[in-house]
Each structure stands twice: as structure tokens, then as C-alpha cells.
Amino acid sequence: METNAHSPATPTPATATATDPALLNGPAARAAFGTIGTGVRIYGVLTGAALVTVIAVAGTGHLVNPFMWIRAILLPLVAVLLHRLARSASRGSRRSFERLRGVSAVFPVAIVGVDLIPGVCPWWYAALQALCVLPVARVALTLRGAALRAAFPGGPGARGKDGKRKAR
């Protein structure tokens, strides 16, 4: 890499791109992506357990409505999608990072919100679903941490040197 008087010899968070290995492979970013990966895996295990629970409840002759079946089958598939987005983001994909940020923020609220509609599902199923999305909420918070904001500079909510939000 050639340098001149106007370009720094090593990238800084202000001049680096999202695929800069110095930022993505730093200890803070690696730890954040480790937390995200663990959260997604825990979510997958919990939703798998929720599916097994629905199967067991139906097998014992109790009422399981179509909403519960559909949700119990679809949510483990969402874990696969979240896992793929997390892996892609950890490799430097800004697009996957932004999608994962959006999905992880909206998803827990949507799941709990729908479950709170009276008559949609029994209380125990709503509680089980709320438990399942807790790791996704942690993923959402981790994605908004300083380490990943530095690794993916200039995204939504980015601030300039003066502390004000940048215009997009």
C-alpha cells in the first residue's frame, strides 16, 4: 500500500471500510461476534425445544391451535437465517450486518406483541416464546455496541467528529 501526505499508513476507524480486517478481527469485534453467535445458537436450541414441547402437548391430547404449529415450525428456520446473517456479517458484509441489526431489533418485539393478543395462544406458549427471543434481544444490543459500530462505521446513527448525526 502506498502512502502519501494525505492518506494514513494504517487505517483508522474513521477511514476504514467495513471489510477492513484490522477492525473486524480485533478482540472487541471478535468477542461481540462470539456473543452474537452464541445468542443465535441458544435461540435455535430454545425454538427447537419449543417445537418439541408443542409436539408433546399435541401428543398428550391437549389442544394445539394452527398458530402454535406454524410458529413452532417456522421459528427454528428463522434461527438458520439469523445464523447465516451473523456469519456473513462477521466476515465483513455490511448488508448482512444491517439486516441482522434490523431483524434482531424488530423480531423480539413482534413475537411478544403477537403473543399478547388475547386468544391467539395459551399463556404458557406466550411465556415460552418470550423466553425464546431473549437471546435475540441480547444479539440486538450487542450489534449496537461500540465494537461493532467501529467495525462498520458510517451506518445508521453514525455521528461525526462534532457528535451530530451524519446526513445520509
Side-chain angles (χ1 to χ4, degrees), residues 18-19 23-24 28-159 165-168:
T19 57
L23 294 175
L24 285 174
R30 287 288 101 205
F33 279 121
T35 300
I36 290 166
T38 301
V40 170
R41 284 190 296 278
I42 291 171
Y43 168 73
V45 168
L46 290 174
T47 57
L51 175 58
V52 170
T53 303
V54 169
I55 292 169
V57 168
T60 60
H62 292 88
L63 179 64
V64 176
N65 65 30
F67 170 81
M68 294 167 62
W69 278 113
I70 293 168
R71 170 86 62 94
I73 292 168
L74 288 180
L75 290 187
L77 298 176
V78 171
V80 174
L81 171 69
L82 293 176
H83 185 277
R84 290 186 62 164
L85 286 173
R87 285 191 63 193
S88 183
S90 73
R91 293 180 179 146
S93 171
R94 178 180 253 324
R95 184 175 181 186
S96 293
F97 175 74
E98 295 297 337
R99 285 182 176 181
L100 187 59
R101 272 181 59 131
V103 169
S104 66
V106 173
F107 190 63
V109 175
I111 293 296
V112 172
V114 169
D115 286 347
L116 291 177
I117 298 172
V120 169
C121 59
W123 69 268
W124 63 266
Y125 188 74
L128 184 62
Q129 292 297 304
L131 175 68
C132 287
V133 295
L134 285 178
V136 179
R138 175 140 190 226
V139 167
L141 293 174
T142 304
L143 285 164
R144 284 155 178 74
L148 295 182
R149 279 185 307 199
F152 292 93
R159 297 182 185 271
R165 290 191 184 268
K166 293 181 180 179
R168 287 189 59 122

Quiz prompt | Gap separating the CD1 atom of Ile42 from the SG atom of Cys132, nearest 0.5 angstrom | solution = 11.5 Å
Quiz item: Got a sec, which residues hit ring pair (Phe, Tyr, Trp, His ring centres under 6.0 Å) with Tyr125, two or more places apart in sequence or on another chain?
Solution: none
Quiz item: Which distance, rounded to the nearest 0.5 Å, do you find between the CG of Leu46 and the CG of Leu51?
Solution: 13.0 Å
Exercise. Measure from the side-chain N and O atoms of Ser88 to the backbone N and O of Arg84, and report whether any donor-acceptor pair falls under 3.5 Å.
Key: no
Exercise. Report, as yes or no, whether the 6.0 Å neighbourhood of atom CZ on Arg144 holds more than 12 heavy atoms from other residues, nucleotides or ligands.
Key: yes
Quiz item: Atom CG of Leu85 and atom CD1 of Ile36: how far apart are they, to the nearest 0.5 Å?
Solution: 11.0 Å
Quiz item: Taking only residues two or more places apart in sequence or in another chain, which ones pass side-chain hydrogen bond (donor to acceptor under 3.5 Å, both in side chains) with Arg71?
Solution: Asp115
Quiz item: Quick one: are Met68 and Pro122 in side-chain contact, heavy atoms under 4.5 Å?
Solution: yes
Quiz item: Which value, rounded to the nearest 0.5 Å, describes the distance between Arg99 atom CZ and Arg95 atom CZ?
Solution: 4.0 Å
Self-check item: Where Pro76 and Gly48 come nearest, the two heavy atoms and their spacing
Solution: CG-N, 4.2 Å
Quiz item: Is the shortest heavy-atom distance from the side chain of Leu81 to the side chain of Val103 under 4.5 Å?
Solution: no
Quiz item: In chain order, what residues pass the side-chain hydrogen bond (donor to acceptor under 3.5 Å, both in side chains) check against Thr53, with sequence neighbours excluded?
Solution: none
Self-check item: Closest contact, heavy atoms only, Asn65 versus Cys121
Solution: ND2-CA, 4.3 Å
Self-check item: Neighbour count above 12 (heavy atom, 6.0 Å) for Trp124 CH2
Solution: yes
Quiz prompt | Leu143 vs Phe152 side-chain heavy atoms within contact, under 4.5 Å | solution = no
Quiz prompt | Val136 side chain reached by Leu82 side chain, heavy atoms, under 4.5 Å | solution = yes
Self-check item: Within-4.5 Å side-chain heavy-atom neighbours: Leu74 and Trp69
Solution: no
Exercise. Sequence neighbours left out, what pairs pass side-chain hydrogen bond (donor to acceptor under 3.5 Å, both in side chains) with at least one residue falling in residues 132-142?
Key: none
Practice problem: Compare every heavy atom of Ser96 with every heavy atom of Ala89, then report the nearest pair and how far apart it is. | Solution: N-CB, 3.8 Å
Exercise. Give, for atom OG1 of Thr47 and atom CG of Leu131, the distance between the pair rounded to the nearest 0.5 Å.
Key: 11.0 Å
Quiz prompt | Closest contact, heavy atoms only, Leu100 versus Ala86 | solution = CD2-CA, 3.7 Å
Exercise. Under the side-chain contact (heavy atoms from CB on, under 4.5 Å) rule, what do Phe67 and Val114 come out as? Steps first, then yes or no, please.
Key: CA-CA 11 Å; Phe67 170 81; Val114 169; 3.8 Å; yes
Self-check item: Within-4.5 Å side-chain heavy-atom neighbours: Gln129 and Leu75
Solution: yes
Practice problem: Give a yes or no on whether the backbone of Ala79 and the side-chain of Arg41 come within a donor-acceptor separation of less than 3.5 Å. | Solution: no
Exercise. Indicate the atoms forming the closest heavy-atom contact of Pro135 with Gly39, along with that distance.
Key: CB-O, 3.3 Å
Self-check item: Side chain to side chain, Val133 and Val112, heavy atoms closer than 4.5 Å
Solution: yes
Exercise. Sequence neighbours left out, what pairs pass salt bridge (Lys or Arg N to Asp or Glu O under 4.0 Å) with at least one residue falling in residues 61-70?
Key: none
Exercise. Tell me, please, which residues at least two apart from Phe33 pass ring pair (Phe, Tyr, Trp, His ring centres under 6.0 Å).
Key: none
